[in-house]
Amino acid sequence: MSTPTDRRPRVLSGIQPTADSFTLGNYLGALRQWVALQDDHDAFYFIPDLHAITVEQDPTVLARRTRTAAAQLLGLGLDPERCTLFVQSHVPEHPRLSWVLECLTGYGEAARMTQFKDKAARQGTDRTTVGLLTYPILQAADILLYQADRVPVGEDQRQHLELTRDLAQRVNARYGPTFQVPEAYIPKATAKIYDLQTPDKQMSKSLPPAGAVYLLDDAKVTAKKIRSAVTDAEREIRFDPEAKAGVSNLLTIHSALSGRTIAELETDYAGRGYGDLKKDLAEIVVEFTGPLAERVQVYLDDPAGLDRVLARGATRAREIAGATLAAVHEKIGFLPPTS
């Protein structure tokens, strides 16, 4: 299928509610670009709570984290008037399309997904669920339901997007034009942020918390984490990701938040120590996260209002998803429901 000329390119992305706060890496690596994409894309953003239960979840915690995720996205600048924001489980077309796609996916295709193999090897077969195996197929359904043209992805999701493209092309070849085949979208301004304690690994909620800056952390906690960031035995502040991974990571964060180039920062910090860089960076980060936490709390203090925003988003999402699913069902031979 080709993109209709009468609409803006459609983009879709989601972020799981698997922690009490997003990280600074989540923001600088993806969420900041989500905000910008609202200007020139038909943007669909969702909280994939269905994906979250591939590992064991406390129901109360999951519900709280889902609302907190929505509040953070709104606090960061997503505008329900300019994008569609919804919770995955509020749109039942997702698992319904996933089942159809599962029946068109070979077991070998699903089993050789790198993330599945890695997690299954760590957990063992007794603790590895079928949901983890079919996770990428549900992810394909997430994308194809909305006829997305572009999907912002990192390297760890490229394989899943390729499966999505394969499935879209398979359906199109077998049943006729049905799905838009999505393209990977890599925003130019994306910054890859690394763990403060293990700067050879990307900042992640799955690593020990000492190395991750959480957007909703208390200011003192954030400042302490940055002051404790791993550097090296030298004193020179220069950007060299291989020889000075820790320092380079701090410069990257500084540049991303301050808007100053790495070269400018290297000049400004010439002859100064790591303590100066960490002190300044802590102030910059806290200046960003402090007001954000206040905005997020406003949304959390009005759960009914937050739920209304999500309900409107789900209604809009179901308009698109429902039409896609109905077309798929007709093409594969399901009888339409009668009133």
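In this chain, residues are counted from 1 in sequence order.
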Residues that K244 engages under side-chain hydrogen bond (donor to acceptor under 3.5 Å, both in side chains), provided they are two or more places apart: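 Expected list: D232, E234, Y274.
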Kindly give the heavy-atom pair with the smallest separation between [X] and [Y], and that separation in Å.
| X | Y | value |
| --- | --- | --- |
| H41 | R150 | NE2-NH1, 2.8 Å |
| E183 | L161 | C-CD2, 4.1 Å |
| L250 | A229 | CD2-CB, 4.1 Å |

Counting only N and O atoms by type, is there a donor-acceptor contact under 3.5 Å from the side chain of [X] to the main-chain atoms of [Y]?
| X | Y | value |
| --- | --- | --- |
| T222 | V286 | no |
| Q139 | P136 | no |
| T324 | L145 | yes |
| D149 | R10 | yes |

E330, CD atom: more than 12 neighbouring heavy atoms under 6.0 Å: no
Salt-bridge test for [X] and [Y]: reply yes if a basic N is under 4.0 Å from a carboxylate O, no otherwise.
| X | Y | value |
| --- | --- | --- |
| R65 | D20 | yes |
| D42 | R316 | yes |
| E109 | R170 | yes |
| D280 | R272 | yes |
| K220 | D218 | no |

Verdict with supporting geometry, L101 and V171, side chain to side chain contact (heavy atoms under 4.5 Å, CB included): CA-CA 9 Å; L101 297 180; V171 170; 4.3 Å; yes
Is there a continuous path of hydrophobic side-chain contacts, each under 4.5 Å between heavy atoms, that joins [X] to [Y]?
| X | Y | value |
| --- | --- | --- |
| L138 | L132 | no |
| V230 | I237 | no |
| F86 | L50 | no |
| W99 | L163 | no |

Step-by-step side chain to side chain contact (heavy atoms under 4.5 Å, CB included) determination, M203 to L207: CA-CA 8 Å; M203 187 177 288; L207 293 173; over 6 Å; no
Residue pair D49 / S89, side-chain donor-acceptor N/O under 3.5 Å: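 Yes, side-chain donor-acceptor contact under 3.5 Å.
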Parallel, tilted or perpendicular: rings of F46 and H94 (30°, 60°):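 Tilted, since the angle between the ring planes falls between 30° and 60°.
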Plane angle bin for Y269 and H254 - parallel if under 30°, tilted between 30 and 60°, otherwise perpendicular: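 The arrangement is perpendicular - the two ring planes meet at more than 60°.
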Full working for side chain to side chain contact (heavy atoms under 4.5 Å, CB included) between L31 and V35: CA-CA 7 Å; L31 301 179; V35 176; over 6 Å; no
